[in-house]
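In what follows, a single structure is set out as structure tokens and then discussed.
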Protein chains: 2
Amino acid sequence: MISVMIVDDDPFVSGSLKIILDNEPDIEVKAVANSGEEAVKLAPQVAPDVIVMDIRMEGMNGTDAAQKILENGSKAAVLFLTTFLDDEYINKALKIGAMGYIIKQDCGSLPSSVRAVASGQAVFGGKVVEKLPDLLNRKERFDPSEFDITPKELEVIELVADGLSNKEIAEKMFLGEGTVRNMVSSILTKLDLRDRTQLACFYYQKMV
Amino acid sequence: MISVMIVDDDPFVSGSLKIILDNEPDIEVKAVANSGEEAVKLAPQVAPDVIVMDIRMEGMNGTDAAQKILENGSKAAVLFLTTFLDDEYINKALKIGAMGYIIKQDCGSLPSSVRAVASGQAVFGGKVVEKLPDLLNRKERFDPSEFDITPKELEVIELVADGLSNKEIAEKMFLGEGTVRNMVSSILTKLDLRDRTQLACFYYQKMV
DNA sequence: TTCTTAAAATGACATTTGTCATCTCCTAAA
DNA sequence: TTTAGGAGATGACAAATGTCATTTTAAGAA
């Protein structure tokens with residue numbers, strides 16, 4: 001039997017998660033916390049095998065709470081939930097030793113993810129993995145807002161620096177090829193560069 | 001019902017895996033391949049949801065086989081098995097879009113891993129995750145003689161990776177523009193790349 | 001609702017790029 | 001000496017790229 005603690009500041013969400021997980025014969029929700037602080041307090045008493053935790057919460061956020069809990073000696077495997085792709089958190093989640101990072105939307109996969117995490121495997125939402133190499137390598141000594149580079153443009157930059165053609169980028173981002181061309185063009189203007197190769201060089205010299 | 005194909009060049013291992021997985025009510029082993037080549041051949045007919053594959057095999061290795069299979073349009077989620085921590089393979093596995101990378105030893109977690117992978121989550125053995133940040137940052141050293149890159153070609157590569165156009169490179173090296181074009185073309189062939197941007201990426205990822 | 005603005009797409013265009021066949025030198029080996 | 005081979009060059013060509021003007025679409029503000 002896998003014992004679970006759920007942490008989410010939205011009672012509706014935590015309630016739903018509890019129902020989903022309690023419905024599984026081999027999973028038991030032992031506690032529900034409505035904030036990071038409460039989770040830190042409950043963890044030692046409950047001693048769950050798995051902690052399912054929202055990463056973005058009012059007050060103490062998910063990663064900080066998890067860090068505290070693990071520092072306090074908990075053996076729990078932490079499985080983070082996120083509504084969308086929070087790039088910024090993945091790094092920290094990995095660093096503190098989280099065992100999972102999945103998208104809230106596909107709750108259908110939650111039980112199997114909990115089991116996998118309980119058995120010592122690490123689980124990531126599919127989309128997260130695709131970005132993993134980029135995310136871990138990025139060192140951010142470049143401030144995109146400085147040149148008002150939009151998030152979408154940043155994505156294009158990373159794909160160009162991965163060697164993709166405009167057509168490939170278009171497919172990956174669900175845009176028209178011409179659009180990508182325009183975006184690249186606009187990026188080049190903003191960064192005062194001439195072509196995509198210079199953009200790739202810029203990326204590796206200034207952004208990685 | 002999750003359909004699975006098992007790939008391992010050790011019949012004892014593949015047999016054991018089949019027994020373990022067939023024992024699960026919601027998992028069905030549809031095929032067992034004893035080599036990478038066989039897996040590539042079988043994949044289109046079997047069309048499994050998940051491919052459980054040994055990463056280190058005689059003949060075609062796991063990553064190459066998986067790459068081929070995915071290129072052929074298979075929608076399968078690939079779950080790699082490894083006897084211990086094969087650092088070298090993780091990078092490539094991630095790059096080709098593998099959905100799992102776990103340790104053979106803890107077969108107890110295999111069913112739950114298969115389920116998680118089938119539901120679109122990515123799964124990694126616990127120890128793998130700890131090493132992930134290091135692994136992704138490390139770059140394999142590049143040996144120019146390996147690809148018989150001439151010294152002059154090496155110079156061209158560096159200039160391309162500096163963002164220069166063919167014309168600029170030609171001026172700098174006192175060559176014709178066409179010659180530079182041919183040299184770049186030859187370099188691309190040798191390194192199995194498509195265009196100068198990919199060459200620049202290659203340079204920063206493998207050569208600097 | 002209408003108006004406004006930003007994002008996305010289109011089409012036309014010049015340029016760059018990558019590939020290939022071919023040609024000219026030049027040099028080293030026979 | 002002849003010859004084979006490499007480096008460099010040329011021309012032709014298709015494809016990809018970057019730029020620009022313009023249009024369509026979607027979403028918000030009025």
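Both backbone and side-chain heavy atoms feed into the values below; hydrogens, waters and symmetry mates do not. Below, chain A is the first sequence line, B the second, and so on; all start at residue 1.
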Any salt bridge between A:Lys172 and A:Asp162, counting N to O under 4.0 Å? no
Considering non-hydrogen atoms only, spot the tightest contact between B:Tyr101 and B:Leu79 and give its length. N-CD1, 4.0 Å
Would you say CD of A:Glu71 has more than 12 non-hydrogen atoms from neighbouring residues, nucleotides or ligands within 6.0 angstrom? yes
Readout for nucleotides 12-20 of chain C: B = base within 4.0 Å of protein heavy atom, S = sugar-phosphate only, - = neither; 5' to 3' it is -----BBBB
What's the CD-P distance between A:Glu171 and C:dA9, to the nearest Å? 13 Å
Expressed as a whole number of angstroms, how long is the span from B:Glu155:CD to D:dG8:C1'? 15 Å
Write down the distance between CE (A:Met183) and C1' (C:dT10), rounded to a whole number of angstrom. 16 Å
When B:Val156, B:Val180, B:Thr179 are each screened for side-chain contact (heavy atoms from CB on, under 4.5 Å) with B:Met173, the one that passes is B:Val156
Are B:Asn72 and B:Ser74 close enough, and set up right, to give a side-chain hydrogen bond (donor to acceptor under 3.5 Å, both in side chains), and what steps lead you there? CA-CA 6 Å; B:Asn72 290 348; B:Ser74 168; over 6 Å; no
When the distance from CD of B:Glu153 to C1' of D:dA7 is rounded to whole Å, what number comes out? 11 Å
Could you measure the distance from the NZ atom of A:Lys167 to the CZ atom of A:Arg181? Nearest 0.5 Å is fine. 10.5 Å
Just how far, in rounded Å, is P of C:dA9 from CZ of A:Phe174? 12 Å
